[in-house]
Amino acid sequence: MKERLTRNPGLKILSLLMAFLVWVVILNVDDPVTPGSFKNIEVTKINENAIAQKDKVYDVISGDTVDVKVKGKRHIIESLKTSDFQAVADLSKLSIVNAVPINITIPKYGDSVEILPENYTMQVSLEDLETKQFRIDVVTTGDVSEGYYIKEKTASPNIIQVSGAESVINKIKDVVVDVNVGNARESFKKAGVVPKVYDKNGTLMDSGKMKLSYEAVDVSVDLLKTKTVNLFIDLKGTPYPGYKYGKADYEPKQVVIAGEQSELDKVQYIMGEYYIDNQRTDIEDEVNIADFIKNDVILIDENKTAVINVKVEKLKSKDISYNTSDIELRNIPAGLAAVLNENSIIQVEVMGEDDILSNINKYTLKPYIDLADTKIGTKQFNLEFIPPDSGLTISNTSVSVTITEAAG
């Protein structure tokens, strides 16, 4: 019996087959095929230039990530991680409805894991590609040290191109770089500052939706020292006849300037002039303070203009009457004679302050006509006066005088 068992090859093969079947059954019981579900697997996009070549840009509506269902041996499914998956959307295969199939593989396990069929699709929207140029503005944060002033802040390069979807680019208002100047006491440069893009509402825009021609720029900040100096404004001119200038004032009396120390040392004060000739109404005016600065410094005061106020008052007046006999004829040339042609009373208006006018009469004013260098004929001459006080204004009055040869 023993020899029959050991010498029968068919029996041996049958035994091996039965053993294999038992092993398979045990294996399937202990490690069965089981399903698995994996969420938020990131999708990689390739061949994006296929869209750019059409002067278009895209935005993903859905399909940036996918949820995948699989099945396989339990020990494999239990060891799977989302990082084992490769999800790829080939944008060169964009359909007429702007959909791209997503190809999903698990390279580490190959065919050992079956990916269950689903509609794995990325949906995109297309827009025309737009490119615009913008100036790069430098925005400072913090305050420089007291006694210093930011003369200039510049970005290099100072112009940047921004490309992206037309609807995105048309929202851009400003491209800025931020630089901190807190407690700075000297000029400085900062490299590698990243530009930021803001829309028309002042909201920071997503840089991922656009392409900038420069990822970073250099910023220069130039500082000057400051100085507070007195401002003087000299009012020049005479008012309209019959008027006087009253109270005059201006503001500010001090201003702040900035410059190199050597230039600041030359400026002890700022002097300006304001001309107010022939005015007969109150003056309220503004002048540019910078117009008064002669040195190589700049005005940084919050007051860029000075306000000037001048009161203009009408003088009091009185009329004084003269006969022709009251008027003295002076400097009659030799060999000539002069006669006033006026037969009526001559009225003269005298203007001045009340206290001066009260002491003025026809006898305190001495009217005369200067006939020096005159020639024969009848001419109009202005009356002149010897006033007792320079605070008087006397109206121009002319009289007719005839010059003849002297008799005998």
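One is the number of the first residue; the rest follow in order along the sequence. What you see is a predicted model, and the numbers here were worked out from it, not measured in a lab.
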If you apply the rule side-chain contact (heavy atoms from CB on, under 4.5 Å), what do you find for D55 with D128, and how did you get there? CA-CA 6 Å; D55 288 331; D128 289 335; over 6 Å; no
Check whether any side-chain heavy atom of I233 lies under 4.5 Å from a side-chain heavy atom of F292, and answer yes or no. yes
Closest non-hydrogen atom pair, S317 against L357: N-CD1, 3.7 Å
Compute the centroid of each ring, for Y368 and then for F385, and state whether the two points are separated by less than 6.0 Å. no
Partner of I298 by side chain to side chain contact (heavy atoms under 4.5 Å, CB included), out of L224, T226, I257: L224
Applying side-chain contact (heavy atoms from CB on, under 4.5 Å) to F134 and V162, what does each step give before you reach the verdict? CA-CA 8 Å; F134 296 89; V162 186; 3.8 Å; yes
Do D265 and K227 pass the salt bridge (charged side-chain N to carboxylate O under 4.0 Å, His left out) test, and can you show the C-alpha distance, the side-chain angles, and the key distance before you say yes or no? CA-CA 9 Å; D265 291 342; K227 181 179 182 179; 5.2 Å; no
Looking just at side-chain N and O atoms, do N103 and Y120 make a donor-acceptor pair shorter than 3.5 Å? no
In this structure, are over 12 heavy atoms from other groups packed under 6.0 Å from Q261 atom CD? yes
Any luck finding a side-chain donor-acceptor pair between N382 and N396 under 3.5 Å? no
Can N323 and S325 be counted as having a side-chain donor-acceptor contact under 3.5 angstrom? no
Are side-chain N/O atoms of S79 and Y109 paired as donor and acceptor at under 3.5 Å? yes
Side chains of T131 and Q161: donor-acceptor distance under 3.5 Å anywhere? no
Quiz question: by atom type and distance under 3.5 Å, do the side chains of T402 and N341 form a donor-acceptor pair? yes
Start with the C-alpha gap between K266 and E263, add the side-chain angles, then the distance that decides, and say whether salt bridge (charged side-chain N to carboxylate O under 4.0 Å, His left out) holds. CA-CA 5 Å; K266 299 176 184 177; E263 290 297 323; 3.1 Å; yes
Would you say the side-chain atoms of E146 and Y148 include a donor-acceptor pair closer than 3.5 Å? no
Non-hydrogen atoms of D84 and P107 that approach each other most closely: O-CD, 3.6 Å
Regarding D90 and N47, is there a side-chain donor-to-acceptor distance under 3.5 Å anywhere? yes
In terms of side-chain heavy atoms, does T305 have a donor or acceptor partner in E286 at a distance below 3.5 Å? yes
Evaluate the side-chain proximity of I403 to L371: yes if any heavy-atom separation is below 4.5 Å, no if none is. yes
Is the backbone N or O of N201 less than 3.5 Å from a side-chain atom of D199, with the two atoms forming a donor-acceptor pair by type? yes
Are any side-chain N or O atoms of N170 and backbone N or O atoms of E166, one a donor and one an acceptor, separated by less than 3.5 Å? yes
As a quick check of understanding, evaluate salt bridge (charged side-chain N to carboxylate O under 4.0 Å, His left out) for D31 and K73, giving each step before the final call. CA-CA 6 Å; D31 190 15; K73 295 294 185 179; 5.7 Å; no
Evaluate whether atom NZ of K318 has more than 12 neighbouring non-hydrogen atoms of other residues, nucleotides or ligands under 6.0 angstrom away. yes
Please name the pair of heavy atoms, one in P157 and one in I136, separated by the smallest distance, quoted to 0.1 Å. O-CD1, 3.5 Å
For residues S167 and E127, is any side-chain donor paired with an opposing acceptor at under 3.5 Å? yes
With a 3.5 Å cut-off and no angle check, do the side chains of Q123 and S62 form a donor-acceptor pair? no
Could you tell me whether the side chains of N230 and Q254 share a donor-acceptor contact shorter than 3.5 Å? yes
